[in-house]
Protein chains: 2
Amino acid sequence: MDVRTAAADTGTKARTRRAILDAAVTVLTADPAASLADIAAAAGVGRTTVHRYFPERADLTTALQQMGWEHVVQATRRARLTEGTGAEGLDRLCQEYFELGNVLMLVFNYSAPDGDVTWECDPDNQSVLDLITRGHHDGSIDPTLTGPWIRDILWALLYAAWQQSRTGVASRHQALDSCLRALHKVVAP
Amino acid sequence: MDVRTAAADTGTKARTRRAILDAAVTVLTADPAASLADIAAAAGVGRTTVHRYFPERADLTTALQQMGWEHVVQATRRARLTEGTGAEGLDRLCQEYFELGNVLMLVFNYSAPDGDVTWECDPDNQSVLDLITRGHHDGSIDPTLTGPWIRDILWALLYAAWQQSRTGVASRHQALDSCLRALHKVVAP
DNA sequence: CCGGTGTGGAACATCGATGTTCCACTATCG
DNA sequence: CGATAGTGGAACATCGATGTTCCACACCGG
């Protein structure tokens with residue numbers, strides 16, 4: 001057990017931890033003020049178990065933030081921002097982010113109250129800004145729109161699209177399609 | 001005093017009530033989980049006084065929602081949605097909404113947790129949808145984008161723009177300008 | 001079978017927010 | 001000047017969430 005402790009990603013403990021984190025994502029996106037009891041119930045575990053993995057509430061939210069940003073980073077990598085034109089990369093990024101679903105919403109919502117350092121804690125913020133700059137130069141992105149503003153538009157559109165999908169106003173595919181078309185029209189020169 | 005009781009909009013009580021509501025908007029947009037003590041301090045009144053005007057927290061949030069939507073309704077009226085093309089009306093609506101500032105953010109944020117009936121509680125929701133439909137017909141708004149989706153894009157862009165302005169990334173005027181240009185490009189056929 | 005591991009639940013202490021009561025202070029108006 | 005309205009603050013009770021402790025149960029590998 002000693003050797004496996006560090007890398008026990010498939011053990012019982014790791015599975016329980018994942019279950020708690022997943023449930024927390026779902027519950028907290030629906031109600032950011034949900035209690036630990038709610039999260040425990042949603043995860044199908046006892047409240048005691050939650051405290052066993054995350055002694056304090058802050059430990060859970062920290063782990064959530066960390067996991068959320070990791071997902072964002074992975075999605076950014078999958079989007080292969082350095083390939084093709086700037087607009088094409090932005091398109092892929094939008095698709096990848098959309099697939100994150102609730103996780104994206106959580107990162108989006110939880111960043112605001114903590115402070116205004118939202119984007120500084122995103123390790124891939126610079127990659128995205130660089131992508132937009134490249135788009136400015138290759139003529140695929142309107143140069144009158146600044147990098148940060150386009151980044152914020154991307155997130156805002158994703159938020160709106162996900163809400164549409166979540167409330168059943170539109171199907172998941174329709175929401176993504178609308179989002180991509182809107183983004184495409186905004187960034188076009 | 002008997003006669004004035006109902007219409008005492010300028011009296012001491014009315015001013016205190018306004019001060020509490022205004023402070024609540026500011027404080028709750030910054031931190032939705034702020035305590036009544038925080039709001040009282042921001043309003044420059046005692047916590048007792050807050051309870052005197054709003055016996056329970058729910059009474060305060062209800063009054064806030066009501067006031068917020070009233071502001072939205074007034075802004076909608078000022079935008080004169082029935083004049084000019086659909087796109088022009090949408091432009092004016094965006095400007096008016098932007099001026100609402102924190103109030104808009106509060107309505108935007110507080111609607112989500114309460115339930116998914118966000119738009120149904122907006123008395124002017126139908127006016128906006130009608131405006132977009134008119135834009136579809138007069139050729140000023142892309143008919144492939146549905147009414148609800150454009151409405152959501154409007155709010156999402158306003159949210160992003162206001163954040164930019166609030167965090168000092170862009171000036172108030174720059175943020176509004178960026179927002180209007182983005183909106184214009186999105187809705188253009 | 002038995003010992004360790006992971007878990008659930010009950011019980012308890014604590015803490016912050018909330019809501020209530022009461023009293024003193026101040027300003028304004030008749 | 002005196003009455004009244006409006007306010008602030010202290011004190012208190014309450015409630016829900018949180019965090020902790022302890023014990024019993026189930027499962028699984030040696």
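All chains are named by letter (A, B, ...) in the order of the sequence lines, taking the proteins before the strands, and each is independently numbered beginning at 1.
Between A:Ala34 and A:Thr48, the one whose closest nucleotide on DNA chain D sits nearer the 5' end is A:Ala34.
With sequence neighbours left out, the salt bridge (charged side-chain N to carboxylate O under 4.0 Å, His left out) criterion links A:Asp177 to A:Arg181.
Regarding A:Leu36, its CG atom lies at a distance of 20 Å from the P atom of C:dT14, rounded to whole Å. Nucleotide D:dG16 holds its P atom 19 Å from the CD1 atom of A:Ile39, rounded to whole Å. Between the NE2 atom of B:His51 and the P atom of D:dT7 there is a distance of 15 Å, given to the nearest Å.
Comparing atom distances between the B:Arg47 side chain and each of D:dG19, C:dG8, C:dT18 picks out C:dT18 as nearest. Checking C:dG6, D:dA17, D:dG6 against the side-chain heavy atoms of A:Lys13 singles out C:dG6 as nearest.
Under 4.0 Å is where a charged nitrogen must lie from a carboxylate oxygen, and between A:Arg172 and A:Glu99 at least one such pair does.
Within a 6.0 Å radius of CZ in B:Arg18, other residues, nucleotides and ligands contribute 12 heavy atoms or fewer.
When all heavy atoms of B:Ala43 and B:Ile20 are compared, the closest pair comes out as CB-CA, 3.9 Å.
Within residues 52-61 of chain B, the residues approached by DNA chain D to less than 4.0 Å at the level of any non-hydrogen atom are B:Arg52, B:Tyr53, in residue-number order.
Applying the salt bridge (Lys or Arg N to Asp or Glu O under 4.0 Å) test to every pair with at least one member in residues 39-63 of chain A, sequence neighbours left out, gives no pairs at all.
Taking 3.5 Å as the limit, the base of C:dG6 and the side chain of A:Thr12 contain no donor-acceptor pair of atoms between them.
No side-chain donor-acceptor contact under 3.5 Å links A:Arg134 to the backbone of A:Gly89.
For A:Thr49 and C:dG8, the shortest distance from a side-chain N or O to OP1 or OP2 is below 4.0 Å.
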